[in-house]
Amino acid sequence: MLLAGLAIALTLAQPASRQAPQTDETVAVQRGARLSINNFAGEVLIRTWDKDSLRVVARHQPRTRVHIRPGSSGVTISSSGSMGAPGSVDYEITAPAWMPLRVEGTYNFVTIEGAQAEIYANTMRGDVIIKGGSGVVTAKSVEGEVQVQGARGKVNVSSVNEKVRITDATGDIIAESVNGDITMTGIDSKSVDASSVNGTIVYEGKLADGGHYNFGTHNGDVALGIPESTNATFVIRTYQGTVSTEFTLEGYNPQDARRGRRVTATLGKGSADVTLETFGGSIRLRKGSVARPRGR
Amino acid sequence: MADNWTERLSDYVDDELTPGERAALDAHLASCRECAGTIADLRAVVDRARELPVRPPAADLWPGIEPRLTGGSQTRPLPFHAHTTRKFAFTLPQLVAAGLALMVMSGGGVWVLQHGGPATEMPPVAASDPIREPVVPAGIADPRYDEAIADLQQALEAGRAELDATTIRILEANLSAIDAAIEQSRRALAGDPANVYLNNHLADARQRKLALLRRATALVGGKT
């Protein structure tokens, strides 16, 4: 039923982005207020400014109504359609940089730039791109690519089927995928946990003294590009994969790394704990940067 | 692998050694990488065992699933014993049993064999799989896990009409990819049941399948 409704709505609708704005409202917001958006289909683009107000520009079919509801905890934005399905709405929103943001949807593309607060973005089909964010930054998509850049705090990112990319992030990081690759560059974190089933995991950045890092995949590769001055203890496990390193690791014997056997090797003072696991892929330790895996 | 301390490593993890024994073993661990690794493995097993029951499904299917996981009204509840502490003690040979227990807690092997669906669209995990052992499903299935998976699969099947063909295809492809990982881990475990890495890896894969199914059924319910 939902699909049928969607099909009708999308058949009748022109792409929302080609239309003139049907909604253009600005509402005042108090500090501490949150913004929650639920958009069934379309695009949500949020930029920030230094005003304590929220501007909502929306493009949609005349039959679709956009509801902007200020409340005690913040502002909620949603839409409804006269034919049942809410249809497609493209939002361009300008929000205070301090405002926590929550965006949910089904066929929804999300872009958030410049936020300096908590962000939660979750969609089924569509990419999620976040530049900024602090506190808890969560970005999830089932079918789309997820990118987070410059986030600070606890970063929780996942895509089921597409790539996950985290750049220049500071703080604890959790990244997950099933089929997509996970790429992390310019990371400054003492806690990173990245896991996949078929995806390759690439990490470029520092391994902080006392930090904990877990990289695990079933079928993909694990590639780390780290400074030569790194102090880390590596626990390496692979069942039928391979291990290669550009570093001279104390206690490392390549012959030991097979059949899931635990191999412990030390670099420098060994003060960071790093676990590298892949069932069938390769594990690579590189100095500096990691060349992108071929064919991926 | 075998030295005088091997049988005491589990006691060490459980903090059941005398101070003198502990100090002696600490000194031994500083020079024995093998024992230090085993200690880490034991702790990982214990940590995972503690973590296992703490993940209720996020979807509203939970009320229907929970009674089946916990026994429901058809099962006589166990008496509550005050001040009981959950202890984990493993001798090294028991690590095998601990690994199998983890598998049982995680379950799902039988479901994979019976309902794994069509061949995965994912590329094969390895071009040449050196594992030739026959699949031995008996003894590693967890009925509760299987029931939870079956319930979620049923809910997803019932809600297929609410998802479009592309979404269904992608979800099925990803579930198949996880199933392939589970199957390969399980086959490897059949030939190496004491392998801590494989036990943990299999448990992770099963948890991942459960999580994806929960998310998929949440999609059916209109939630992302």
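- Closest of all the heavy-atom pairs between A177(B) and V178(A) is CB-CG1, 4.3 Å.
- Using modelled atom types, one finds a donor on one side chain and an acceptor on the other under 3.5 Å when comparing R215(B) with N122(A).
- Within the 4.5 Å cutoff, the side chain of V197(A) has heavy atoms near those of the R208(B) side chain.
- Using a 4.5 Å cut-off between heavy atoms, S141(A) touches chain B through its backbone atoms (N, CA, C, O) alone.
- Interface residue L171(B): only side-chain heavy atoms are found under 4.5 Å from chain A.
- Listed by first then second residue, pairs satisfying ring-ring contact (aromatic ring centres under 6.0 Å, His included) with a partner in residues 175-209 of chain B read H218(A)-H201(B), F279(A)-H201(B), Y197(B)-H201(B), not counting sequence neighbours.
- The backbone N or O of N174(B) lies less than 3.5 Å from no partner atom in the side chain of N161(A), so there is not a single donor-acceptor pair.
- In this structure, chain B has a heavy atom under 4.5 Å from the side chain of S158(A), while its backbone stays farther away.
- You'll find the side chain of T166(B) reaches within 4.5 Å of the side chain of E143(A), heavy atoms only.
- Once rounded to the nearest 0.5 Å, the distance linking CG of N179(A) with CD1 of I178(B) reads 8.5 Å.
- Distance CE/M124(A) to CD1/I170(B): 9.0 Å, rounded to 0.5 Å.
- Heavy atoms of V142(A) lying under 4.5 Å from chain B belong to its backbone as well as its side chain.
- A heavy-atom distance below 4.5 Å is not found between the side chains of Q184(B) and N219(A).
- The number of heavy atoms from other shown groups lying within 6.0 Å of CZ (R65(A)) does not exceed 12.
- Looking only at side-chain heavy atoms (C-beta outward), L212(B) and V160(A) come within less than 4.5 Å of each other.
- Scored by the side chain to side chain contact (heavy atoms under 4.5 Å, CB included) test, A205(B) finds I182(B) as partners (sequence neighbours excluded).
- Atom CZ of R259(A) sits about 7.5 Å away from atom CG of D192(B), to the nearest 0.5 Å.
- Remark: Y107(A) OH to D164(B) CG distance equals 4.0 Å, nearest 0.5 Å.
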